[in-house]
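Each remark here refers to the structure printed beneath this line.
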Amino acid sequence: TRGSRVHSKEAARTMSEAVSKSQKPLRSDEATTKSLISACYAGDLERVVALLGDGADPSATDVVGWFPLYQAACGGADESHAKVIATLIDHGVHPDQRTPNGETALMAAAYRGHAPCVAILVMKGADAHTTASSGPWEGRDCFWIARAGVEQKVIKQDELEVVLAALKLERGTAPPQPASVPM
């Protein structure tokens with residue numbers, strides 16, 4: 001219900017502020033990192049904030065090199081994932097943190113057509129022109145990667161247009177508003 005969503009958002013904001021003020025040492029043990037990555041992929045802001053409050057390291061990587069920001073970008077094209085991304089960056093994660101192949105969360109979101117995630121990453125300082133250092137996207141930037149998502153039928157052409165617009169945002173700007181639909 002709407003009331004519980006409002007309460008939930010207020011609780012998450014309060015928890016986020018408390019985490020920001022806490023001085024707990026960072027924990028990057030395997031179980032904590034796995035829990036944080038899982039919560040990020042699910043877009044579970046309340047769980048992410050709770051784990052950060054318990055000292056989880058928002059920049060930690062798992063055994064294969066995945067990290068919370070990347071998994072949040074992969075997880076979904078909705079507002080909850082964008083909020084998780086903003087929270088992680090607000091807690092010190094570099095917006096261009098890289099996988100072992102040199103891929104960034106912005107590349108992952110662009111390829112999957114996750115425009116809200118693309119927009120928040122760009123607004124928080126991610127570089128749309130950075131390129132992967134190896135792997136299938138070696139030497140490719142986010143614009144090329146987003147177009148590859150269409151060619152490989154991961155996203156549709158109309159989603160590509162929204163992603164490309166988000167990639168062109170400047171740091172600190174507001175995300176584009178969806179076009180109104182005439183009645």
Exercise for review: Kindly indicate, with the supporting measurements, whether the criterion side chain to side chain contact (heavy atoms under 4.5 Å, CB included) is fulfilled by Leu106 and Leu167.
Suggested key: CA-CA 9 Å; Leu106 185 58; Leu167 287 170; 3.8 Å; yes
**Study point:** Qualifying residues under side chain to side chain contact (heavy atoms under 4.5 Å, CB included), relative to Gln97, sequence neighbours excluded
**Key:** Ser59, Thr61, Phe67, Val93
Counting only pairs under 3.5 Å, give me each side-chain donor-acceptor contact of residues 135-147, with atom names and distances, residues two or more places apart or in other chains.
from   : atom 1 : to     : atom 2 : distance (Å)
Asp141 : OD1    : Phe143 : N      : 3.2
Asp141 : OD1    : Trp144 : N      : 3.0
Arg147 : NH1    : Phe143 : O      : 3.3

Point to revise | Reported NE2-to-OG1 distance for the pair His94 and Thr104, which is rounded to 0.5 angstrom | key: 11.0 Å
Point to revise | Pairwise ring-ring contact (aromatic ring centres under 6.0 Å, His included) hits with a residue in residues 32-65, at least two apart | key: none
Check your understanding: Side chains of Ser35 and Arg47: does their closest heavy-atom pair fall under 4.5 Å?
Key -> yes
Practice item. Would you check if Val118 and Leu169 make a side-chain contact, meaning some heavy-atom pair closer than 4.5 Å? Key: no
Practice item. With sequence neighbours excluded, give me every salt bridge (charged side-chain N to carboxylate O under 4.0 Å, His left out) pair touching residues 27-36. Key: Arg27-Asp29
Practice item. Decide yes or no for Thr32 and Asp57: does some side-chain heavy atom of the first lie under 4.5 Å from some side-chain heavy atom of the second? Key: no
Practice item. List the atom of Gly125, the atom of Pro95, and the distance in Å for their closest heavy-atom pair. Key: C-CG, 3.8 Å
**Study point:** Path from Ile37 to Leu51 over hydrophobic side-chain contacts below 4.5 Å
**Key:** no
Review point. Can you name the side chain to side chain contact (heavy atoms under 4.5 Å, CB included) partners of Ser80, sequence neighbours left out?
Key: Asp78
Check your understanding: Can you name the nearest heavy-atom pair linking His114 to Cys74, along with the distance?
Key -> CE1-O, 3.1 Å
Check your understanding: Does Asp62 have any side-chain hydrogen bond (donor to acceptor under 3.5 Å, both in side chains) partners at least two apart in sequence or in another chain, and if so, which?
Key -> none
Check your understanding: Under the side-chain hydrogen bond (donor to acceptor under 3.5 Å, both in side chains) test, which residues partner Asp96, sequence neighbours left out?
Key -> none
Practice item. Check Lys124 against Ala86 and note the closest heavy-atom contact, atom names and distance. Key: CE-CB, 4.0 Å
Practice item. Name all residues meeting the salt bridge (charged side-chain N to carboxylate O under 4.0 Å, His left out) criterion together with Asp127; count only those two or more places apart in sequence or in a different chain, and write none if there are none. Key: none
Review point. If you look at every heavy atom in Cys117 and Ala82, which pair is closest and at what distance?
Key: SG-N, 4.0 Å
Point to revise | From Asp90 atom CG to Lys83 atom NZ, the distance as rounded to the nearest 0.5 Å | key: 13.0 Å
Review point. Who pairs with Arg98 by side-chain hydrogen bond (donor to acceptor under 3.5 Å, both in side chains), at least two apart in sequence or on another chain?
Key: Thr130
Review point. Which pairs count as ring-ring contact (aromatic ring centres under 6.0 Å, His included) when at least one residue sits in residues 150-170, sequence neighbours excluded?
Key: none
**Study point:** By side-chain hydrogen bond (donor to acceptor under 3.5 Å, both in side chains) - contacts of Ser134 (at least two apart)
**Key:** Asn101
Point to revise | Matching residue for His91 among Val49, Val48, Leu52 - test: side-chain contact (heavy atoms from CB on, under 4.5 Å) | key: Leu52
With a cut-off of 3.5 Å and sequence neighbours excluded, list every side-chain donor-acceptor pair involving residues 148-157.
from   : atom 1 : to     : atom 2 : distance (Å)
Gln152 : OE1    : Tyr111 : OH     : 2.5
Gln157 : NE2    : Glu161 : OE2    : 2.7

Exercise for review: Identify the heavy atoms of Ala77 and Pro116 that sit nearest to each other, and give their distance.
Suggested key: O-CG, 3.4 Å
